Chemist: 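Have a look at this one.
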Number of protein chains: 2
Amino acid sequence: MLTIWLNYMVNNKKDDTSQERILLAAKKIFLQKGMAGARMQDIADEAGINKALLHYYFRNKEILFDMIFLEALKQFFPKITDVVQSDISLFEKIEIFCREYIDMMQQNAYLPLFVLNEVNKDPVRFKEKFWQNKNVVFLKFVEQIDTEVKRGKIKSVNPAHLFINMISMCIFPFIAKPIWMMTTNVDEMQFRYFMEQRKTEVSKFIIESIKK
Amino acid sequence: MLTIWLNYMVNNKKDDTSQERILLAAKKIFLQKGMAGARMQDIADEAGINKALLHYYFRNKEILFDMIFLEALKQFFPKITDVVQSDISLFEKIEIFCREYIDMMQQNAYLPLFVLNEVNKDPVRFKEKFWQNKNVVFLKFVEQIDTEVKRGKIKSVNPAHLFINMISMCIFPFIAKPIWMMTTNVDEMQFRYFMEQRKTEVSKFIIESIKK
DNA sequence: GTCTATAACTCGATAGAC
DNA sequence: GTCTATCGAGTTATAGAC
């Protein structure tokens, strides 16, 4: 009787079908070990099933990987079109972008390194298989900065450098997380707090540099 | 006769012994594919020899990898003690650091992603095997910033954030190189020029933000 | 859908001739 | 020192029972 009730409670949760459990497990393993380092056995173990069932749902490793990678890409290139195209000031846009982007990555600290690493390992495959118009957001933002410079609202800066400065300061600390933690002798909690601070520190730093 | 002369010219170059060719090949392959993704066959092919000879010089993959990784670490954590400890102004130190660090990475654009990725995959192994006092430079620099703040030479900034901002802006563009090139539609030459600009742009950006 | 067993294959590593 | 041939561990993927 207890078993039935437990089954009911557990199985009705959306992500407790085998399929969903596999995807969750695959995400965890792939993000940690990458395509080459992850083994199907690891994923099966993590999902609490066996390899055969894994292949039943996803014919091979590549298909499963591509699924996870595509999902990771969507998170890595967020839809910030709303923010960029709204008519709030450039400073506010920078503030919102840094805050929201760091916040998203905090949910998934491994994500940036995972994506950038896999792209690096095989840029051609990436370009052919996954790249489509990811540069739109970038162009809009750069355009925006250019306009503000011409209006004389901010100092004359090179938009491309400003843009990558912003991205760098938001993302890099996650990529360097383990080394940074060793270097500064901090634990998970303290790192989390450090990144919490950066949600405002980064935009303050940028605005201080470009304001007139 | 010609053959003898050619052999003489070629073999006398330090890096044309099999050993040196292997190390060069291993560096190229490991930096691109990482420990898990690289195969001994790839390295042998790249060096123009066969697997057996590879194992003759380096008993196993791990030994070869560690050799390359240690060399990469030395480049990634440069000895900037001289710069930091000299008695030039903080602004000049920042200028020199950014210029020299970007310059070093330009020689080896794959290096940062390689190091950070391998550390991430197995932080414990890294800490036990390779980590020794890499944090000294960091502490010196932070100390320095703190002093300048107290002297009232620069705005009151958090040294840790300032430090990682600087590192981020120097290193990240190399890590994101393939994606950045696709996004902005530039080729190798143009990327090189972009990074050339950054040798001065980054420090200017920082100083603009912290100067009083 | 889920399992056990195993085929098929990749890759690091070694044996042994030259 | 350098090569060919091959072994053996580890992994992906499939066959087939339930």
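Order of the sequence lines sets the chain letters (A, B, ...), proteins ahead of strands, with each chain counted from 1. Keep in mind that what you see is a predicted model, and the values were worked out from it rather than measured.
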Chemist: May I ask you to check whether B/Phe172 and A/Phe172 place their ring centres under 6.0 Å from each other?
Modeler: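 Not close enough - the centres of the two rings lie 6.0 Å or further apart.
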Chemist: Quick one: A/Tyr56 OH to D/dA15 C1', roughly how many Å, whole number?
Modeler: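 Checked: the OH to C1' distance equals 15 Å.
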Chemist: Side chain of A/Arg39: nearest nucleotide among D/dT2, D/dT12, D/dT14?
Modeler: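 The closest nucleotide is D/dT12.
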Chemist: C/dT10 C1' sits how many Å from A/Met35 CE, rounded?
Modeler: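 Going from A/Met35 (CE) to C/dT10 (C1'), I get 14 Å.
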Chemist: Check this one for me: any side-chain N or O of A/Tyr57 less than 4.0 Å away from OP1 or OP2 of C/dG1?
Modeler: yes
Chemist: Round to a whole Å and report the spacing from CD of A/Gln41 to C1' of D/dT11.
Modeler: 9 Å
Chemist: Can you name the side-chain contact (heavy atoms from CB on, under 4.5 Å) partners of A/Phe65, sequence neighbours left out?
Modeler: A/Phe30, A/Met35, A/Phe69, A/Phe114, A/Glu118, A/Arg125
Chemist: To the nearest Å, how far apart are B/Leu54 CG and D/dT4 C1'?
Modeler: 16 Å
Chemist: Set out, line by line, the N/O atom pairs under 3.5 Å between protein and nucleotides 3-7 of chain C.
Modeler:
unit_1	atom_1	unit_2	atom_2	d
C/dC3	OP2	A/Asn50	ND2	3.4
C/dC3	O5'	A/Asn50	ND2	3.1

Chemist: Please check the phosphate of C/dT14 (OP1 and OP2 only) for any side-chain N or O of B/His55 closer than 4.0 Å.
Modeler: no
Chemist: Is a side-chain N or O of B/Ser209 found less than 3.5 angstrom from the main chain of A/Phe205, in a donor-acceptor match?
Modeler: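 At least one qualifying donor-acceptor pair exists.
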Chemist: Check for a donor-acceptor pair, side chain of B/Asp42 on one end and backbone N or O of B/Arg39 on the other, with a separation under 3.5 Å.
Modeler: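 Yes, because the side chain of B/Asp42 sits within donor-acceptor range (under 3.5 Å) of the backbone of B/Arg39.
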Chemist: Send over the distance from B/Phe58 CZ to D/dG1 P, rounded to a whole Å.
Modeler: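 Atom CZ in B/Phe58 sits about 12 Å away from atom P in D/dG1.
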Chemist: List in chain and number order the residues that pass side-chain hydrogen bond (donor to acceptor under 3.5 Å, both in side chains) with A/Lys93, two or more places apart in sequence or in another chain; answer none if no residue qualifies.
Modeler: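 In terms of side-chain hydrogen bond (donor to acceptor under 3.5 Å, both in side chains), with neighbours along the sequence ignored, A/Lys93 is linked to A/Gln144.
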Chemist: How long is the line joining CG of B/Asn60 and P of C/dT14, in whole Å?
Modeler: 8 Å
Chemist: Using whole Å, report how far NZ of A/Lys61 lies from P of C/dT10.
Modeler: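 My rounded result for the distance is 14 Å.
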Chemist: Examine distances only and state if a side-chain atom of A/Asp187 and a backbone atom of A/Gln190 form a donor-acceptor pair shorter than 3.5 Å.
Modeler: yes
Chemist: Atom CD of B/Glu62 to atom C1' of C/dC11: distance rounded to whole Å?
Modeler: 16 Å
Chemist: Determine whether a donor-acceptor pair (N or O, by modelled atom type, separation under 3.5 Å) exists between the side chain of A/Glu71 and the backbone of A/Met67.
Modeler: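 Not confirmed, A/Glu71 side chain does not pair with A/Met67 backbone.
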Chemist: When we call it a touch if two heavy atoms are under 4.0 Å apart, what does B/Ala38 touch: a base, just sugar-phosphate, or nothing?
Modeler: sugar-phosphate
